[in-house]
Every structure is written in C-alpha cells, then in structure tokens.
Amino acid sequence: MGSIKTLFFFYVLFIPIAGIGQDKIEDPGARTWSHSDGRKIKAGIVDVVDKNVILKAPNGKSGPVELAKLSKKDQEYIAKWIQNNAVPKGFGKPDTTIEITTLKGEMKYNRPIITVYPGKKIKLILRNQDDMHHNLAITKPGKGKDMKVAQEAWKLGVDGFAKHWIPKHPDLLFASKMADPHSSSTLYFTAPKRTGKYPYVCTLPGHAQVMRGTMIVSKEVNPLSELTFTLFKGSWKKIPDWNQIEPSGTDHVPSGKFDLSCTKEKDSFGIVFRGNIETPKSGDYIFTVSSDDGSRLLIDRKIVIDHDGIHGDSPKSGKVKLEKGSHHIEVQYFEGGGEESLYVGWKTPNSKKETPLSVNRGPSGGNSLGGQLIVAEEEARIYRNFIQGAGSRAIGVGYPGGLNLAYDANNMRIAMLWLGDFIDAKRHWNGRGQGYQPPAGQSVINGPPGVPFATISDSNESWPDSFIRKENAQLPPIKGGYLFKGYKLTGEERIPTFRYTFGTLFIEDMPSPQGSFESSDVAFTRSIKIKGNPVKNLYFRAAVGQSIELTDNNTYLIDDNTALTFKSEGKPVIRENGGNKELLIPIQFSNDSALIEQTINWQ
C-alpha cells in the first residue's frame, strides 16, 4: 500500500513543468529536481521520512518520492538539508512544536505572535511558501535590537547565502537556517528563562522592516494563534449578518488575545475575531464571555454562547465537548453606545480556575469579593493599615494601571508587589476593623524579609533580624538603627517616595510602575538614593530565595518567578546563608552619596 501511494505522488509531481498539475508559468524560486528517467519538477522539501523525501510543488500538491530515484546532485542537497535540520545532540524530545509559515508574495510570517513557556525545549518549523528565500532570527528583548541584528546580516554581502544570512551579533539568540522557496527549515532551542517579549525577524536584505514578529516568553502560555480581527462600522441593536456588511479593515491582533484596543472606535462599531485555539486534552470546556453590548462565541463555527442585544457588562457561559488539538474560534461583538467592554475566558476539563483569553483578565467591576474595593484611577491611592505580608505598619500603594505594592514601615522594605485589583477595605472599614487584609489582586511578588541595609564584614555573617514594633511603641532611634521619616508625593500621579534613616545615612526609596498589568512587559523601576558619610562594608539585600541565577544582560532570576536588573557601582554578590541564597549589592559612595537603580519584572 505504501509503494502504491508513493508511486501515485510520484506520478502527480514528476510531469512536465508546464503540464497538468503544475503552474503554467515556471516558478522563479522553487528548486528544480531531476528524476532518473529524465522528468523534472519545481518543488521544495517538506520533510524526509525513511527512504523518501516529501516534496511540495508551488501549486500546493505534495507527496513522497524515493531518494534513490533522484539525481546524485539532488541526493547531496537532501543530505545537506537533513544536516541543517537535525536535532542538536543531547537536545532530547521537544516540549512544544510551533509552525510558522511565510505568506507568498506578502513578505510576512503568518504568525506575528507566538508564546512559549520559560525554559521549555522548542521545535520551530519555518515553512516557506514564498518564491524567495527566508529565515527566522530571534533576538534579545529591547527596542531596535532586531534591526541591529538584521543590519549586521546585510553586511555579509556575497557571503550571505553561504552563512544563511545569520551574523555574529551579541543581541542574536537563535536563528534558523535559510529556507529555500517552497521548502522548510527547523530550529531547535530552549526558551529563555526570563519572561518578556523577544522579537523575531527575517534577516535577508531588506526583509526585516516588514517581516517580523514577537515571541512572548510567559508562564501563561496563550492557547490562541493566528488571531485576526475584522472591523465594521454601523449601528445595531442585535448582531448583524456580517457577510452582508462591507468591512472597514482586517488585520492581525497585535496582543494575540481578544482585545478591543486593536481599534480606536468607541461607539457604533462591530468587530469579529477569528483564529485557532489549542485544547490541551479532550473533555468538556467551559467558555465565558462578558460584554457591553452584544457578543457571540463560536467553536468550529458552532455557537457556544449567544449573548446578543443591548445590555450593560454582564457574563454568560457555555459548555462544549472538544477533542485534543486545534479548533477554530470566533468571537463576534458590537458596541451600540456608552461604555464598551469585552472579556473572554475558559476553563479546561477538571479545572476550577478560569483562564483569560482576552487582554483584560476578568469581567469589569473588579475581581474582589469583599465589595469595598479601592481603585486607583488617575493618581496613586494610599492605604495605611494592617496588610497581610507587610505587617502592622503597612503602607499600601495602588497605582493607575493595576500595579500595586505594600511597604513595611517597620523594616523600611517593599514587602510585596502585585497586579490587578488593589485592596478591598471592607475588613477595616466595617465593624471593629480587625485583622490583616491581603492584596485583592494576583501575581504577588514577595520582597526579601528584614531590613534592607546592613554592614557585613564576613561572608558568613548573618543578616540582622527584623524590627517589629511592640505595643504601638515607636522604634527607638538607637545608633546604627532605622527610623522611618514618612513619604513625599511626586508628580500628577502623586507617586510616593519612602524616606528613612539608617544610622547617619538618609535614604530615599522611590518605586515607579512601568506599563499596566494587562501587558506582558509590566515592571517596577526603583531608585534608592543614599546620602551621608561613607560606611564601610555596607550592603543592600535585594533578594532572598531558594534559587538565584544570573542570566543574560546582568539579569538575576529569583525562584523562577522574579527577574531583577541593577545599575549600581557595586557588583552584585550571590551568597548562601541559612539554607537560602541572598543577592547582595555592595554600596560604593561617591561624594558622600550612592545610588541603586533596580528593575523588577514578573516572570
């Protein structure tokens, strides 16, 4: 049966180039293959299986051909292709396989966004359907680094093709070999441990300006792929027949999730999202849509949720049985007037937790169950009370954009950072107001316990104990001790800078939010200014954890959930202490002052 199938595909493929089953115009890019009986074909390699090569012609037809029936030159080409696409020694089995296709004549990848889990083994297949050569190079995060790598590749000149247009550059992380027209190239790599946005581009001359995408490294792997939106303008009271309306435009969704921000329209518009969703296992899936106004969700073109009509933001759910694998997903939405909102989420089989499929992480109105949620809108909100994890002298700060922190004024430290909702004040505003209130949001990062600065003369010397205020008594202003001096508010958003003394030193600690909790590159920057007579052997304790690892760009990964980077005159030191690891920054003074600049990223 296998030989008959091979013979059939051989007959389909190996016919005259202008004959039936082939493009009438000879394809300018695909390689010409020669059969032992004299027939020729324009095609590219899809794969090599056993003693057959899978070829694909420009008209889309593909099939296996026996290696032994091809010319010696073709066999040498196949051997080189196998070498270029082989699994690296010791790589093992990939955790994830991703396919990216080039779009013929458009100089684009079909997937402008892919998502991978930190540290996982990735097999990335680049399928080139174009008439030109292409590759895929993944670079370090940072604005413009992808173009720097591409521009370095263009300098290869006449050596470019021999080197697959892959340059030597410090910002280049991984790169595929060049894929010939209508052929493929496979890249194996281990995803970075640090979460973030990693650009990828085609580095052939002139391609990088338009042929680009983003690899998002995240612990929340996006099951959506190839998500597009089509925009319509009009006024409706119910979801219309979109096929009868002229669309205003169609494009890929930049965030890769259901996201109304891909259009600037606010009223009287409709939008239809279409893409694929990968189900990890077979079973019952529960989808939820919350919208203002009407919405509808379809899986494999069958309606699962119909939440039509003019209404305020409200949720509706539906259940569907799905097999493991890829399914078509479509979300239809229209906005009649007033507020606009759209949330989409799902629960996988046997899961109690709903995972967002939209940029916003939950239906509007806040996720707090308490009912007295403090919201930071245009400026920071301060909440001074007992906060769980930050002690009895806690200062909670909610920033616009959904970034939050709790400062421990007993120990002059940032006790916690978190995303989403700030604080539900019901516990403290009702009744006797007793107890400690936890953060109302999610993705909590705990800061190192104890005081932030200490003098350490020996690498084995323990870090000082925490200060705990007893019976409402102020910490004694002992020599060499800490004294909290309050905070000052800066700028239109009234961002607090915390102030305290440590011995004769005066210290200002200003954390500032970057981005919003809905973005993948959310972070806090922190500026710590120290003034006073220099102190010998003074250290700042930046982190404590079971695991502290130095990765790229002077980034330290803490317990695989927090990434820290620093600008400081002193070189960070990792040491073992009390069964944990500590990250210490030696303080170096200049003109009776010192500065530590820190960036804290979620993983």
Do the side chains of [Y] and [X] get nearer than 4.5 Å, heavy atoms only?
| X | Y | value |
| --- | --- | --- |
| Trp602 | Phe524 | yes |
| Thr186 | Val87 | no |
| Glu99 | Asn110 | no |
| Trp33 | Ile78 | yes |
| Glu278 | Lys324 | no |
| Asp308 | Phe334 | yes |
| Leu557 | Thr555 | no |
| Thr190 | Ile122 | no |

Under a 4.0 Å threshold between the charged nitrogen and the carboxylate oxygen, would [Y] count as salt-bridged to [X]?
| X | Y | result |
| --- | --- | --- |
| Arg296 | Asp306 | yes |
| Asp259 | Lys257 | no |
| Arg301 | Glu330 | no |
| Asp284 | Lys347 | no |
| Lys73 | Glu76 | no |

Are the side chain of [X] and the backbone of [Y] linked by a donor-acceptor contact shorter than 3.5 Å?
| X | Y | result |
| --- | --- | --- |
| Thr279 | Glu323 | yes |
| Asn222 | Gly256 | yes |
| Asn84 | Ala86 | no |
| Tyr343 | Phe258 | no |
| Ser547 | Asp559 | no |
| His169 | Asp171 | yes |
| Lys140 | Pro170 | yes |

What pair of heavy atoms forms the shortest contact from [X] to [Y], and how long is it?
| X | Y | answer |
| --- | --- | --- |
| Trp242 | Gln332 | NE1-OE1, 3.1 Å |
| Leu342 | Ser295 | CD1-CB, 4.4 Å |
| Ala208 | Val201 | CB-CB, 4.2 Å |
| Pro167 | Leu172 | O-CD2, 3.4 Å |
| Gly336 | Asp293 | N-OD2, 2.8 Å |
| Ala523 | Asn601 | CB-ND2, 3.4 Å |

Item to check | Ring center gap for Phe161 and His133 short of 6.0 angstrom | outcome: yes
Checklist entry - Do Phe91 and Phe189 have ring centroids that are under 6.0 Å from one another? => result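 Centroid distance Phe189-Phe91: not below 6.0 Å, so no.
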Item to check | Derivation and outcome, side-chain contact (heavy atoms from CB on, under 4.5 Å), residues Ile329 and Leu298 | outcome: CA-CA 6 Å; Ile329 185 170; Leu298 300 88; over 6 Å; no
Does atom [atom1] of [X] have more than 12 heavy-atom neighbours from other groups under 6.0 Å away?
| X | atom1 | result |
| --- | --- | --- |
| Asp159 | CG | yes |
| Lys121 | NZ | yes |
| Lys281 | NZ | yes |

May I ask you to check whether [X] and [Y] show a side-chain donor-acceptor distance below 3.5 Å?
| X | Y | result |
| --- | --- | --- |
| Asp300 | His327 | yes |
| Glu354 | Thr288 | yes |
| His182 | Asp131 | yes |
| Thr139 | Asp146 | no |
| Thr102 | Asn128 | yes |
| Gln75 | Tyr77 | no |
| Thr101 | Arg127 | no |
| Ser218 | Thr195 | no |
| Thr32 | Lys42 | yes |
| Thr230 | Thr250 | yes |

Item to check | Derivation and outcome, side-chain contact (heavy atoms from CB on, under 4.5 Å), residues Asp130 and Leu103 | outcome: CA-CA 6 Å; Asp130 202 8; Leu103 302 179; over 6 Å; no
Next on the checklist: Apply side-chain contact (heavy atoms from CB on, under 4.5 Å) to residues Leu126 and Leu187 and explain how you reach the verdict.
Outcome noted: CA-CA 8 Å; Leu126 177 63; Leu187 170 65; over 6 Å; no
Next on the checklist: Walk me through whether Ser341 and Asp292 qualify under side chain to side chain donor-acceptor pair (under 3.5 Å).
Outcome noted: CA-CA 5 Å; Ser341 64; Asp292 177 357; 4.9 Å; no
If I take atom [atom1] from residue [X] and atom [atom2] from residue [Y], how far apart are they, to the nearest 0.5 angstrom?
| X | Y | atom1 | atom2 | result |
| --- | --- | --- | --- | --- |
| Ser326 | Glu226 | OG | CD | 8.0 Å |
| Lys193 | Tyr117 | NZ | OH | 12.0 Å |
| Trp81 | Ser184 | CH2 | OG | 4.5 Å |
| Lys72 | Ser34 | NZ | OG | 14.5 Å |
| His134 | Thr203 | NE2 | OG1 | 11.5 Å |
| Met215 | Leu136 | CE | CG | 9.5 Å |

Checklist entry - For Phe273 and Thr228, what are the C-alpha separation, side-chain angles and deciding distance, and is it a side-chain contact (heavy atoms from CB on, under 4.5 Å)? => result CA-CA 6 Å; Phe273 298 94; Thr228 64; over 6 Å; no
